[in-house]
Every structure is written in C-alpha cells, then in structure tokens.
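Shown next, in structure tokens, is the structure this report addresses.
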Amino acid sequence: MTAETILASLHLSTPELILAVGALALLMIGVFAGEKSSGMVTGLAVGVLVVAGAWLVLMTGDGVAYNGAFMSDPFARFMKGLALIGSVVALVMSAGQARSAGIDRFEYPVLIVLSTLGMLLMISANDLMSLYIALELQSLALYVVAAMNRDNLRSTEAGLKYFVLGALSSGMLLYGMSLVYGFTGHTGFQEIATALTADGRSLGLVFGLVFILAGIAFKISAVPFHMWTPDVYEGAPTPVTAFFAAAPKVAAMAMLVRIVITAFEPIINDWQQIIVFIAIASMLLGSFAAIGQNNIKRLMAYSSIGHMGYALVGLAAGSIAGVRGVVLYMLIYMVMTLGTFACIMAMRRKEGAQVEEVNDLAGLSQTNPFMATVLTILMFSLAGIPPLAGFFAKYFVFIAAIEADLYALSIIGVLASVVGAYYYLRVIKLMWFDEPKGEFARPAGELRLVYGLSGLFVLGYVLIGGPIGTAAEVAARTFF
C-alpha cells in the first residue's frame, strides 16, 4: 500500500479510529482517576460515540479501504448510525442504574465503546478475515460485560454461558470460513462471488456456507442457535441486557446481509433455503415459547428471537425490497426494544428493589399512567398492530417475501405474529385491568426521556416514515 492509499483508508475508517483512540484514552483516565471515575468515564464515552457518529454522517464517503478488507457505502453508514445510536442510548440509560445494577465500574463504558468499535468493523467488513476479527472484538467485550456484576451469581452464570456458547459458534464460523477459502481460494467477498460465478458451487463450499450461517445465526440469536438468549437476558444486569438487545443485533444482521448478498449471491438458491428454515423456526419458537414466561426479561428474549425471524423473512427474498425491509425492521425493532427496556429498568420499588416479574406491572395505569400508556403503545407495536411502526416493519418484509413468491413463509409469519400478540396483550391487560400490587419509584429522567421518545417515534412513524423509507431504499440499493 502506498502513502496515498493508506491515508485514503484512514479517512474512510475515521469513525472507527475515533472509537479506538477514545477507548484507550478512557481506559487511561479510568486507571489514573480511580474507581470513582465511572460517571465521568461514562459521560466521556457517550461523547466519543457522538463524535464518531457526527463524523460518520458529515465526513465519511464511499470507497474500499485496506486492500478491500473494509467497505464504506450507504448501507454501512446507515447501519453504523443505528449501532451508534443504540450504544449511546444504552449507555445513557445505564448511567443512573450503574450502582444498583452492580456495574458501577469505569471499565463498563470502555467495554461498550470497544464492543461498538467491533460492530462498526463488522458492518464494514468486506473480507472473511476482517469480519472474523471484528466479530471477536465485539464478542470478547460482550462476554465481560455480561458478567460485569461479579457479586451476582446470575450475572456470572450468564457471562459464562455466553462465553462457552459464543466460543462454540466462533469455532463453527471459522471452520466454515476455512472451507469457503479452501474451495474458492479467496477471502474477499467480491472475489468469492466471482469464483462462484465462474466455477459454480461444490458440496464442500455448501458445507462452509452452512457453518458460516450457523455462526452468524448465533449472534442474532436465531433458532436453533438461540439457547443462550433467555438465560443471558435474565441473568445479565438489566442495563447490559438493554444493550445486548439493540446494537449488537443490528450489527450482526448487517453483517449477515452483506455476506450473503455480496459473497454468496451467485448461489442464492442454497442460502435462501437455510434462511427460510431459520426464519420459520425463529418466528414459531419466539411466538410459542414466550407464552409461559413470567420474567419480563425472558419474555423479551423470546420476543427478540421471534423478531429476528421476521427480519430474516426480508433477507430470504434476496431482493432490493427485501434488504430495504430488513433495514427498516432493524431500525424500528431497535427503537421499540430500547423503549421497552427503559420501562423495564424503571420497574423499581420505592425501597430500591428491582423487580422483573410480568405480574409486577399489574395496575400500572393507576400508579404511573404515562409509563403505562407508553408501554402499551410499545407492546401493540411489537405485536404488529396498525398503524404503529411495528406494523410497517412486518408489512415491508412480508411484501418483499410475497414478491419473491415465498408465500408459505409469509403465511407462517402472519400466523406466528397472531400467536405472538397474545403475550403482548397479556402485559397490556395486567397494566390496565388488574389491581396494583404496589407502586414503583419515580423513574429516572433519562429513562422517561428514552421511553417517551420511543413511544413518540412508534406512534408518529406513519407521519415520518417517508424519509426513513427513502434512506433505507438508498442503503439497500448498495448491493443491486
């Protein structure tokens, strides 16, 4: 690489460099300022993420960097923006909850920044090697964050389960990559696609594809690689769970879209069958398994599994409309999830105890009408009730699947959505028609802001959906 190409590469990856340098600086500040610096480091971490986001929007252009290993395009910028927003909101929500959640350490915001750096690199990865390194950077930070509350047995158990199963999925992913490299002779996405077009597919390459998709399916908690999700969601501190449910899912889905649409586009019939199976299994399990859940974090875990299935319906279409549907779905899903977790984090008794049972929401409409109203809007949206944002998310992915002649997939998705509406409506029934079990403490200002804005977005999406849909269309056209 010449000096000019190195400078061009550095310019395209400036947001990632800001996060990398910022994380190292924050670590040094935390080390020298001591344990009581967590609040300051958290505030500075939010600032670093905001600066990286501003640079991404205002200064970053299109291009390929580092000899093709890194790609900057409209799709990457859109999904990176979502990941950065998810990380910022999760950090802001955790600021007032850190002490009670047992994560009041300066390492927490530093790990969130490093994890976000991994996500941005995942989204822009244009080579199997850069993809794997980015994925491990993100995952290693998340393993530590899940077990951040060392004094809590559930938190350490969640971190251990996530680490063991994550290591297994990484091994599967790496084995799949080695097979793909062995049968094509390339690790770059465009080069793999060219080799597949010229030589066709072989059985060994299909095995490699299956292992790669299995490894990525773990990261988005799609069936049958979902087993870690309920336990980790329940065991990890609630601010950590809120982070897990939003930004990493966006990054992993973006990575999946890029690798199948770019590298494996010539063998669409092979990966389409796998995606259809994973989508159906995720939608059905997410709908039926959540019905018997009493812990609201476990309920949201199964809800997340189901929603990843709905997003995969759009990807299975393999078209511009399908990718546009996936992009919109991940945006709307992230907003709904962050708003819901802000409400869950506000479920705290006046004596300070955090409660997580669904039944603890009984009579919320009488004790906190605003929170009950917002949570009702979010539950209706998660269920896909029109004219809320969640309805449009499902509408676009199902329309894309129908246009691709995937009628059975669309019908199963609609039926699963009807079944899934039951447990969302159960929460609404408890809030509005049951007697209160006790009053929650006044929610922190940042939590009220997050769930208030989420409710406003979901309710007003019908008015602002046009520009958002246009941006998603531009992002989707990157691949076609």
Side-chain angles (χ1 to χ4, degrees), residues 75 78-79 209-210 213 216-217 220-224 226 249-250 252-262 264-288 303-334 336 381-421 461 465 468-470 472-480:
F75 176 80
F78 191 99
M79 300 306 273
L209 171 64
V210 170
L213 293 181
I216 299 176
I220 60 171
S221 62
V223 177
H226 66 285
K249 295 286 178 69
V250 170
M253 186 63 77
M255 177 177 71
L256 178 58
V257 170
R258 187 178 292 280
I259 196 168
V260 297
I261 298 291
T262 305
F264 297 109
E265 193 275 333
I267 55 169
I268 183 171
N269 291 329
D270 292 294
W271 61 256
Q272 191 177 50
Q273 295 173 48
I274 302 169
I275 298 294
V276 166
F277 167 75
I278 293 175
I280 291 173
S282 300
M283 290 187 295
L284 292 178
L285 183 121
S287 295
F288 285 99
S303 168
S304 169
I305 293 167
H307 281 289
M308 291 304 102
Y310 296 120
L312 289 172
V313 170
L315 181 57
S319 61
I320 291 182
V323 175
R324 175 176 177 265
V326 174
V327 170
L328 281 174
Y329 202 103
M330 295 314 295
L331 164 64
I332 293 168
Y333 163 79
M334 190 183 78
M336 295 187 298
S381 183
L382 285 164
I385 306 296
L388 302 175
F391 165 76
F392 291 101
K394 289 180 179 174
Y395 173 79
F396 287 121
V397 293
F398 288 147
I399 287 294
I402 290 168
E403 288 174 354
D405 297 330
L406 299 171
Y407 301 113
L409 178 63
S410 305
I411 292 168
I412 292 170
V414 171
L415 294 176
S417 190
V418 172
V419 173
Y461 182 81
I468 295 172
T470 303
E473 179 87 19
V474 171
R477 286 194 179 277
T478 302
F479 302 110
F480 299 94

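Since we're looking at a predicted model, the values are computed, not measured. Residue numbers run from 1 in the order of the sequence given.
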Would you say [X] and [Y] make side-chain contact, with heavy atoms under 4.5 Å?
| X | Y | answer |
| --- | --- | --- |
| Leu415 | Leu284 | no |
| Val250 | Phe78 | no |
| Thr478 | Val323 | no |
| Met336 | Leu388 | no |

So, for Leu331 and Ile468, which heavy atoms are closest and what is the spacing to 0.1 Å?
CD2-CG2, 3.2 Å
Work out which heavy atom in Glu473 is nearest to a heavy atom in Ile320; give both atom names and the distance.
OE2-CG2, 3.8 Å
Take atom CZ of Phe479 as the centre, draw a 6.0 Å sphere, and report whether it contains more than 12 heavy atoms from other residues, nucleotides or ligands.
yes
Quick check: does any side chain N or O of Ser282 sit under 3.5 Å from a backbone N or O of Val223, one acting as donor and the other as acceptor?
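Indeed, once roles are kept as given, a pair shorter than 3.5 Å links the two residues.
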Which residue, His307, Met334, Met308, forms the side chain to side chain contact (heavy atoms under 4.5 Å, CB included) with Lys249?
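Answer to the side chain to side chain contact (heavy atoms under 4.5 Å, CB included) test with Lys249 among His307, Met334, Met308: Met308.
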Positive for side chain to side chain contact (heavy atoms under 4.5 Å, CB included) with Val257, one of Val327, Thr262, Leu315
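Among the candidates, only Leu315 passes.
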Find out whether the Lys NZ or Arg CZ of Arg258 is both under 6.0 angstrom from the six-membered ring centre of Phe75 and within 45° of the ring's axis.
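Here Arg258 fails the 6.0 Å and 45° test against Phe75.
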Once you measure the plane-to-plane angle for Phe398 and Tyr310, does it fall in the parallel (<30°), tilted (30-60°) or perpendicular (>60°) bin?
perpendicular
